[in-house]
Amino acid sequence: MRKVTLTFDNGPDPGGTTAFVLDELARRAILASFFVIGRQLARPGARALAERARDEGHWIGNHTLTHSVMFGDSDDASLADREIGETQALIGDLAHRDRLFRPYGGGGVISQRLLNPSAVSYLVDGGYTCVLWTSVPRDWEGDAAWVDRCLADIEDQEWTVVVAHDRPRGGMPYLPALLDRIEAMGAEFVQDFPETCLPIRRGVVAADLSPIVQGAG
């Protein structure tokens, strides 16, 4: 049986998108993870949505403060403390016990631009778990085609970690159709992640980081 882990990045959206996603997940008893942007979480009404997600069993992770700088493109020694640390402080007691962190991927591309050595050191020292992905169906384009792209990824993999976005003007109106079709194909929704998507786990480097770290080695 194929496994599917759903993750939602770039929220919470106080304008209604995150609430819609939570409603659809609750209707089907699906548990997911929400990787929040610090500045989004600080918006009025956003924390209540993150609290609702946590209370309903979803995991809350860190997706940087500004979602604007890829660590591999920067030599700013303070970047990790600002982008990761300040967001973790905003998340506070909503955080998953494994301190889940997802780097900004610039369109979902896994490359050496994701991290740099100072960011790795920060994650290790802070006991973070770095969470990658295997499907980025470009739901931000806003049309229904992302559903077919996502299903094609699921067909091709035993365990798919999907990145979607609980942001306005994206493809979330088509989320119910996606969930229905995943269920119809007999895949199992799970909340945890395959080991191959966790190169750093609870502060321990668990895989070769050279594909995702600028200047590794």
Side-chain angles (χ1 to χ4, degrees), residues 4-69 71 79-105 108 119 122-123 126-133 135-137 139-140 161-176 178-179 189-193 197-198 200-203:
V4 178
T5 300
L6 295 177
T7 66
F8 296 89
D9 290 7
N10 296 15
D13 169 39
T17 309
T18 302
F20 172 78
V21 170
L22 289 171
D23 289 345
E24 292 300 320
L25 296 175
R27 190 168 291 119
R28 297 166 174 80
I30 297 170
L31 295 177
S33 293
F34 288 80
F35 288 89
V36 302
I37 294 174
R39 286 186 176 173
Q40 279 295 122
L41 187 60
R43 293 181 61 195
R47 187 172 185 83
L49 290 164
E51 290 172 348
R52 175 189 167 186
R54 188 274 313 273
D55 292 345
E56 293 180 1
H58 304 291
W59 295 345
I60 306 299
N62 181 328
H63 194 36
T64 75
L65 182 69
T66 65
H67 198 258
S68 62
V69 182
F71 287 102
L79 185 64
D81 185 53
R82 184 167 64 253
E83 289 288 331
I84 303 172
E86 290 187 19
T87 304
Q88 200 67 24
L90 287 166
I91 294 171
D93 61 3
L94 300 180
H96 185 276
R97 62 185 178 277
D98 289 346
R99 296 167 70 84
L100 305 176
F101 171 75
R102 171 170 283 167
Y104 168 46
Y122 192 93
L123 294 172
Y128 287 88
T129 294
C130 182
V131 182
L132 301 180
W133 54 88
S135 173
V136 183
D139 61 296
W140 60 78
V161 178
V162 178
V163 176
H165 300 82
D166 53 323
R167 299 288 295 129
R169 297 181 298 280
M172 286 304 95
Y174 303 102
L175 179 64
L178 173 68
L179 300 180
F189 289 105
V190 298
Q191 192 173 21
D192 54 343
F193 307 101
C197 285
L198 304 176
I200 301 172
R201 298 176 213 155
R202 300 173 189 162

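Remember, predicted model here, so these are calculated numbers, not experimental data.
The side-chain heavy atoms of Met172 and Phe8, taken from C-beta on, include a pair separated by under 4.5 Å. Counting heavy atoms from C-beta outward, Leu94 and Ile91 have side chains that approach closer than 4.5 Å. Put simply, the side chain of Val161 reaches to within 4.5 Å of the side chain of Thr5, judged on heavy atoms.
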Side chain to side chain contact (heavy atoms under 4.5 Å, CB included) for Leu49 and Phe34? Distances and angles first, verdict last. CA-CA 11 Å; Leu49 290 164; Phe34 288 80; over 6 Å; no
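A donor-acceptor pair is defined here as one N or O able to donate and one able to accept, closer than 3.5 Å; no such pair exists between the side chain of Thr129 and the backbone of Arg201. Looking at Thr17, its side chain never comes within 3.5 Å of a backbone N or O of Asp166 through a donor-acceptor pair. A donor-acceptor pair under 3.5 Å links the side-chain atoms of His63 to the main chain of Arg102, judged by distance alone. Between the side chain of Asp139 and the main chain of His165, a donor-acceptor pair closer than 3.5 Å is present.
Residues satisfying the salt bridge (charged side-chain N to carboxylate O under 4.0 Å, His left out) criterion with Arg54, sequence neighbours excluded, are absent altogether. Every residue two or more places apart in sequence or in another chain that forms a side-chain contact (heavy atoms from CB on, under 4.5 Å) with Asp192 is listed here: Trp59, Trp159, Val190. Qualifying side-chain contact (heavy atoms from CB on, under 4.5 Å) partners for Arg169, counting only residues two or more places apart in sequence or in other chains: none. For Val69, the side-chain contact (heavy atoms from CB on, under 4.5 Å) partners two or more places apart in sequence, or in a different chain, are Ser74, Leu79. Applying the ring pair (Phe, Tyr, Trp, His ring centres under 6.0 Å) rule to Tyr174 yields no partners; only residues at least two apart in sequence or on another chain are considered.
With respect to Arg52 and Asp23, a salt bridge is recorded, a charged nitrogen being found less than 4.0 Å from a carboxylate O.
Here the CD1 atom belonging to Ile84 is positioned 6.5 Å from the CG atom belonging to Asn62, to the nearest 0.5 angstrom.
Sorted by first and then second residue, the side-chain hydrogen bond (donor to acceptor under 3.5 Å, both in side chains) pairs with a member in residues 31-48 read Arg47-Asp93; sequence neighbours excluded.
Ring pair Phe101/Tyr128 is perpendicular by interplanar angle, where above 60° counts as perpendicular and below 30° as parallel.
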